[in-house]
Amino acid sequence: MPAPPAPLTPSPSGRPGRVMLVDVDSCYAACERVFHPELEGVPLVVLSNNDGCVVARSSEAKALGIEMGVPWFKLKAWADRHGVVARSSNYELYGSISGRIMAILGEYTPAVEVYSIDEAFLRLPGSPAELTEMGRRIRRRVLHDLGVPVSVGIGATHTLAKLASHGAKHSPTLGHVADLDAYRPGQVDAILEATPVADLWGVGRRLDSRLASMGIRTARQLRDADPAVMRRRFNVTLARTILELRGTDCITIDDRDADRTGQIMFSRSFSTPVTDPTQMHQVLAIYAQQAATRLRHQHSVAAGLWVFASTSWYVSPVHQVSLAGRLPHPADDPVTIVKAACDLLLDRIEPGRRYVRAGISLLDLAPAGAQPMLDPFSPDPRLARLGALVDRVNAACGRGALGLGWAGITAPPDWQMRREMLSNRGTTHWAELATVTAT
DNA sequence: TCTGGGGTCCTAGGACCC
DNA sequence: TCTGGGGTCCTAGGACCC
């Protein structure tokens with residue numbers, strides 16, 4: 001194992017250090033290749049839940065011109081002819097590999113902001129030469145230990161580090177590591193001039209077209225716009241982006257409590273439409289229990305919930321039912337949550353309609369145990385123990401081993417998610433470990 | 001036949017209070 | 001005819017991200 005990083009010279013700026021973005025190249029495709037080296041060099045796509053559409057592409061698949069978000073059923077015949085391999089998304093595997101990457105990054109600095117499954121921002125002191133070298137070391141280390149390639153972008157702010165990472169991925173000469181501060185001001189201007197404003201972090205399609213109507217098309221033009229004027233005409237987020245492009249740090253990723261999110265959502269499309277309230281009852285029972293499990297996992301309770309079901313966006317008229325409500329008391333147990341979800345939604349479900357998707361969101365989350373129980377209808381303590389019991393049994397015997405009511409049936413319902421090209425969960429399940437054969 | 005699933009932050013506007 | 005004003009909280013919806 002390489003030696004821990006040497007201490008570096010402190011940065012003269014107010015906040016210590018600059019921002020380094022470490023970001024996995026084609027993350028899901030890279031994870032699929034960890035236990036399947038034969039997929040190296042092969043055009044590979046990973047599909048969304050239900051094997052619906054393309055959510056990740058290897059560089060070979062990108063080179064073939066496969067776009068993000070294309071429905072698989074439209075692509076499949078063409079893809080077969082071009083030797084494209086497809087995989088169902090295996091979030092358990094990706095999550096496990098991501099956790100290992102973040103643990104490695106944590107050895108270089110405690111200042112790690114985990115931004116998504118495949119990206120983290122590090123704050124580090126050091127000269128451009130020192131940080132570039134450290135970026136190269138991190139890349140070698142992750143590649144060596146996990147077999148996953150990462151790119152590294154370095155800049156004074158999060159927005160500039162993102163921009164640098166874009167360059168690190170796309171310019172072959174950089175070796176996947178780029179530091180914007182290694183360039184002279186005139187060169188930085190040229191880089192910003194060559195960057196379409198839509199490529200910036202925080203500028204999406206809508207903003208892009210509004211900016212274009214003002215004649216702002218490049219990152220350089222946006223940087224040179226007046227942040228006060230832009231704040232009035234747009235919003236504070238865009239003003240911050242401008243300041244960040246000028247090197248003033250004003251975006252932070254708040255991960256003080258990274259494991260505790262403010263909202264929990266569980267929603268899925270069905271493999272075949274659900275057409276009657278009895279089936280929808282089963283859907284809600286299973287989805288609500290999934291959401292409740294996540295809730296207990298992060299040691300929170302919910303006070304409110306939101307439930308929806310909808311027919312296909314692609315078949316008019318679209319019928320959508322969506323209702324919010326309160327739980328009788330802040331809760332994390334499946335009985336209370338399933339009942340509340342069914343009470344809200346079920347009598348609004350119209351028999352005969354072809355629902356393709358439903359979901360439940362838990363709202364007003366708070367740490368478990370923090371609420372004073374003044375409510376005369378305080379919950380039955382047995383319910384709290386029930387949730388913990390379900391979790392323990394499912395941890396020991398496998399997910400779905402124990403469920404309540406409709407969620408307890410063992411045969412998979414026919415609307416359940418389709419995942420026909422799923423790889424093994426090689427890092428989290430004994431039964432699915434990779435097999436090595438000596439020849 | 002078959003078109004993803006999470007999240008975050010910000011703003012505007014209404015309800016309500018004094 | 002004239003009929004305050006400022007503050008807070010909540011919610012819905014927009015925009016963006018991966």
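Order of the sequence lines sets the chain letters (A, B, ...), proteins ahead of strands, with each chain counted from 1. Keep in mind that this is a model prediction, so the values were computed, not measured.
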Rounding to an integer number of angstrom, what distance separates B:dT3 and C:dC18 when you compare their P atoms?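 Taking atom P in both B:dT3 and C:dC18, they lie 25 Å apart.
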At the 4.0 Å heavy-atom cut-off to chain A, mark where contacts on DNA chain C begin and end, going 5' to 3'.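 Terminal contacting nucleotides, 5' to 3': C:dA15 to C:dC18.
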If you look at every strand shown and take non-hydrogen atoms under 4.0 Å, does [X] touch a base, only sugar-phosphate, or nothing?
| X | answer |
| --- | --- |
| A:V203 | sugar-phosphate |
| A:R240 | sugar-phosphate |
| A:R205 | sugar-phosphate |
| A:D118 | sugar-phosphate |
| A:I264 | sugar-phosphate |
| A:W201 | sugar-phosphate |
| A:L238 | nothing |
| A:R294 | sugar-phosphate |
| A:I117 | nothing |

With A:R123 as the cation and A:F121 as the aromatic partner, state whether NZ or CZ is under 6.0 Å from the six-membered ring centre and within 45° of the axis.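 Not flagged: A:R123 not positioned over aromatic ring of A:F121.
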Please collect all ring pair (Phe, Tyr, Trp, His ring centres under 6.0 Å) contacts where either partner lies in residues 206-236 of chain A, sequence neighbours excluded, each pair once.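 Of all non-adjacent pairs touching residues 206-236 of chain A, none passes ring pair (Phe, Tyr, Trp, His ring centres under 6.0 Å).
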State which residues pass salt bridge (Lys or Arg N to Asp or Glu O under 4.0 Å) with A:R425; sequence neighbours excluded, sorted by chain then number.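 Partners of A:R425 under the salt bridge (Lys or Arg N to Asp or Glu O under 4.0 Å) test: A:E92, A:E432.
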Answer yes or no: is there an ion pair linking A:K76 with A:D51, defined by an N-O contact shorter than 4.0 Å?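 Salt bridge flag = no for A:D51 with A:K76.
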Lys/Arg-Asp/Glu bridge criterion (N-O < 4.0 Å) met for A:R223, A:D189: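 Result for this pair is yes, salt bridge flagged.
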Consecutive-pair stems (at least three Watson-Crick or G-U pairs, under 3.5 Å) that include DNA chain B: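 B:5-18 with C:5-18 - these are the stems of 3 or more pairs that involve DNA chain B.
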Strictly by modelled atom types, are A:N90 and A:S423 linked by a side-chain donor-acceptor pair under 3.5 Å?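 Note: A:N90 and A:S423 side chains meet the donor-acceptor criterion.
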Going by the salt bridge (Lys or Arg N to Asp or Glu O under 4.0 Å) test, which pairs reach into residues 160-181 of chain A, not counting sequence neighbours?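 Applying salt bridge (Lys or Arg N to Asp or Glu O under 4.0 Å) to every pair that reaches into residues 160-181 of chain A, excluding sequence neighbours, yields A:R18-A:D179, A:R18-A:D181, A:D23-A:K169, A:D25-A:K169, A:E119-A:K162.
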Can you pull the salt bridge (Lys or Arg N to Asp or Glu O under 4.0 Å) pairs that have at least one residue in residues 193-214 of chain A, sequence neighbours excluded?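 Sorted pair list: A:E193-A:R220.
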Roughly how far apart are A:H319 NE2 and A:Y355 OH, rounded to 0.5 Å?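 That separation rounds to 3.0 Å.
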Earlier contact from the 5' end, DNA chain B, for A:S312 and A:T237: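 Its nearest nucleotide being more 5', the pick is A:S312.
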